[in-house]
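All of these numbers come straight from a predicted model, not from anything done at the bench. Each chain gets a letter, A, B and so on, in the order its sequence line appears, and its residues count up from 1.
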Amino acid sequence: MRQRVDNLVGFGSESIWVSTFHSMCVRILRRYIDRMGYDHRFTIYDTDDQKTLMKEVCRKTDVDTKRFKERMLLSVISSAKNEMVMPDEFELNAGGDFAQQQIAKVYREYEAQLKSNNALDFDDLLVRTVQLLDTQPDVLENYQERFRYIMVDEYQDTNTVQFKLVSLLAGKYRNLCVVGDDDQSIYKFRGANIRNILDFEKEFPDARVIKLEQNYRSTENILNAANGVISNNKGRKEKTLWTDNGEGEKITLRQFDTGYDEAEFIAEDIKESVQEGASYNDSAILYRTNAQSRLFEEKFIAMNIPYKIVGGINFYARREIKDILAYLKTIDNGQDDLAVRRIINVPKRGIGLTTINRIQESAAARGISFYEAVLAPKLIAGVGRSVSKLDSFAALIEYFKGQTKLESLTDLLNEIIEKTGYIESLDADDPEDAETRIQNIEELVSKAAAYEEDCADRDETATLSGFLEEVALVADIDSLDEDQDYVVLMTLHSAKGLEFPRVYLAGMEDGLFPSYMTVTGDDPEELEEERRLCYVGITRAEQKLTLTCARRRMIRGETQYNKLSRFVREIPAEVLKTGSEKNKGWFGGREDSLAWDPAEDNTPESIENSVPFGRNTYSNAKKALRAQAYGGKAGTSVLQKGSQLTAGKGGKLSYAVGDRVCHVKFGEGTVLDIKEGGREYEVTVEFDKAGVRKMFAMFAKLVKVE
DNA sequence: CGGTCACCAGTTTTT
DNA sequence: CTGGTGACCG
């Protein structure tokens with residue numbers, strides 16, 4: 001979007017804000033949130049943090065987490081926030097209902113804790129901004145003038161707060177343009193309010209509606225498939241897409257015995273297409289659940305196909321990453337008790353649970369933050385033994401705080417890793433696991449370096465809070481690089497707004513897509529949302545669409561037998577290619593598969609034969625690939641030409657004392673010394689421009705120059 | 001305080 | 001299959 005705007009507008013386009021709702025709100029809040037009693041260095045809580053906080057809240061309010069699951073509480077609170085229902089009103093609405101009253105109590109405490117941690121959750125970013133604009137006329141005026149023209153894309157996915165926000169901002173000049181497609185509304189589960197788009201004409205009676213029914217992306221066959229599916233939905237604005245792109249290829253449909261076969265076919269099909277002249281980045285594999293990505297990853301590694309998985313188990317949700325980030329948060333905003341508590345004993349410092357709880361109680365009683373209490377441990381009753389340990393922890397953090405002013409973010413990160421002995425502790429914990437985790441930390445360091453580079457490019461100063469923000473808000477999808485040649489794998493949700501010449505929709509099975517939840521539940525609305533998701537998936541394809549499914553599939557360690565997805569049946573038969581062929585994956589006609597009975601064949605004994613290789617083979621292959629691929633800008637699982645393995649545990653360094661080497665940031669220099677400490681090499685280099693520096697070989701990524 | 005073991009629950013999609 | 005939690009012991 002940014003690129004398109006820049007290209008269209010040209011000179012001056014940099015002053016146009018192009019961002020998600022959430023990051024726009026952060027930008028506004030960073031400037032004005034002090035008016036609402038927060039510190040401008042607030043931290044942003046992700047889903048994980050929310051859950052940790054919620055546990056704490058439930059303990060404090062004596063709410064039984066067996067009866068009220070944290071997840072459920074958070075989702076109720078989130079919906080309330082999205083409708084701008086604050087705790088007072090929520091309590092009022094609860095009336096005499098005991099459960100609702102309990103939730104109201106939790107909601108109130110949750111908000112209080114967020115506030116005292118100087119933290120905002122994702123919903124708060126929107127809600128607080130609306131409150132800010134609602135209560136501060138001068139701020140509102142400022143932004144109304146700043147944004148005299150507003151355009152909202154994917155409007156069908158906005159929720160009530162976002163609607164309010166847009167209404168406020170556009171309230172003065174009323175230059176508002178929204179673009180959306182009710183058939184692509186797929187975020188009801190996170191509060192998207194479809195009424196926003198369906199009732200737009202009522203809210204803005206003077207609005208002009210322009211229907212965009214011509215599609216410039218896909219072939220006729222693909223559009224006919226999409227139309228066929230979506231026409232089964234009831235509550236929608238009737239429309240039929242058309243194109244003059246020509247009929248195009250028919251849609252391929254294939255059913256396989258197992259998910260392994262499915263992955264193998266797709267991998268081979270992609271390889272074939274590349275041999276015929278296509279690029280890897282012409283192809284995308286879309287699936288319903290993140291878990292499906294693993295099989296493809298296995299196959300791609302085995303077949304040496306470059307790929308990138310978007311989303312999935314969030315990188316920033318990994319333990320080691322959260323630990324390091326918690327250090328950064330503690331350094332940046334000592335008020336975030338969650339972060340401080342997370343790291344006070346990581347790596348182990350002999351500060352136990354009893355001590356932590358005593359600190360917590362003492363801090364709460366005195367109305368100060370956890371970290372403030374740690375700064376003066378002698379004032380806390382009953383921690384006598386740990387005083388010296390707490391002192392040295394506080395000294396460490398204070399030291400880092402001082403360093404933020406003196407050194408770059410990457411240097412700070414490296415110093416944290418070094419001074420805390422984090423790597424060593426990982427190794428001591430679980431040497432098997434440590435390898436991957438260390439690589440993740442490396443990746444974090446390079447992300448920080450990339451962030452600093454970006455800031456330099458834009459003439460902005462790289463700040464710790466800036467980086468933490470990026471970490472919390474920037475979607476993984478933004479790291480897609482069109483210039484790199486890799487197959488993209490992602491969920492259907494992530495794929496919205498993107499397009500690819502060749503698209504594979506994998507796992508077209510009832511119980512997977514539509515999901516088990518919607519098939520067993522009896523909410524027709526949810527099924528309609530899944531159908532819209534299918535519509536989104538089909539319309540990502542420009543030229544070639546391939547649908548695949550498996551008869552049986554391992555899910556959570558159990559084999560599931562699935563029928564062909566009901567959505568496939570909704571595709572007009574004439575656009576499908578279902579004829580038989582020599583390849584094993586074809587099936588003749590759809591009937592046999594619809595009526596297919598798991599009891600007929602596929603006894604459990606036959607399953608193991610289809611497993612291509614064992615877990616260890618897989619994890620080894622993956623490690624090898626990662627090591628090989630490492631060196632990329634964002635450090636993803638992408639094979640890159642010319643990348644080289646620099647150093648790691650057990651690996652030999654490609655340079656020695658006296659050699660000339662090159663560093664990404666410091667330029668060329670001479671190696672003065674190499675020390676082998678534990679699992680790492682500490683290299684001392686005299687750089688021509690940057691002077692003498694010590695660094696871990698693993699992070700420094702030094703390259704020998706001749 | 002820290003480590004180990006056994007048990008249990010959970011599992012769609014994301015900013 | 002995974003991750004988290006609680007009980008127990010050194």
Whole-Å distance, R349(A) CZ to dG2(B) C1', equals 16 Å
**Message:** Under 4.0 Å, counting only non-hydrogen atoms across every strand here, what does S23(A) touch: a base, just sugar-phosphate, or nothing?
**Reply:** nothing
One thing to verify: whether R358(A) and E361(A) come together as a salt bridge, which I'm taking to mean a side-chain N less than 4.0 angstrom from a carboxylate O.
no
Q. So what does K55(A) touch, heavy atoms closer than 4.0 Å: a base, only the sugar-phosphate, or nothing?
A. sugar-phosphate
In plain terms, say whether E297(A) and R294(A) are close enough for a salt bridge, that is, a side-chain N and a carboxylate O under 4.0 Å apart.
no
Rounded to whole Å, the CD-C1' distance (Q162(A) to dT15(B)) equals 9 Å
Protein heavy-atom contacts under 4.0 Å, written 5' to 3' over nucleotides 3-13 of chain B as B (base), S (sugar-phosphate only) or - (none), form the string S------SBBB
Of D49(A), D46(A), D337(A), the one forming a salt bridge (Lys or Arg N to Asp or Glu O under 4.0 Å) with K329(A) is D49(A)
(message) Check this for me, if you would: do K563(A) and D510(A) make a salt bridge, where the nitrogen-to-carboxylate-oxygen distance has to be below 4.0 angstrom?
(response) no
Phosphate-side-chain proximity, N82(A) and dT15(B), N/O vs OP1/OP2 below 4.0 Å = no
Whole-Å distance, E70(A) CD to dG4(C) P, equals 12 Å
- Item | Check ion pair R128(A)-E111(A) (N to O, under 4.0 angstrom) | yes
query = More than 12 heavy atoms of other residues, nucleotides or ligands under 6.0 Å from NZ of K188(A): is that the case?
reply = yes
Kindly check if the number of other-residue, nucleotide or ligand heavy atoms within 6.0 Å of CE (M1(A)) is above 12? no
Discussion item. Looking at Y516(A), I'd like to know if its OH atom is crowded, meaning that more than 12 non-hydrogen atoms belonging to other residues, nucleotides or ligands lie closer than 6.0 Å.
Written reply: no
Atom CG of L390(A) and atom C1' of dC1(B) are separated, to the nearest Å, by 13 Å
- Task: Please state whether the phosphate of dC1(B), meaning OP1 or OP2, lies under 4.0 angstrom from any side-chain nitrogen or oxygen of T354(A).
- Result: yes
Between CG of D48(A) and P of dG3(C) the distance, given in whole Å, is 12 Å
Between CD of Q50(A) and P of dT15(B) the distance, given in whole Å, is 14 Å
message = So L125(A), base contact, sugar-phosphate only, or nothing? Heavy-atom distance under 4.0 Å.
response = nothing
Can you label the angle between the Y287(A) ring and the F296(A) ring as parallel, tilted or perpendicular, going by 30° and 60°?
-> parallel
Listed pairs, N/O of protein and of nucleotides 8-10 of chain C, under 3.5 Å:
none

Of N345(A) and F122(A), the one whose closest nucleotide on DNA chain B sits nearer the 5' end is N345(A)
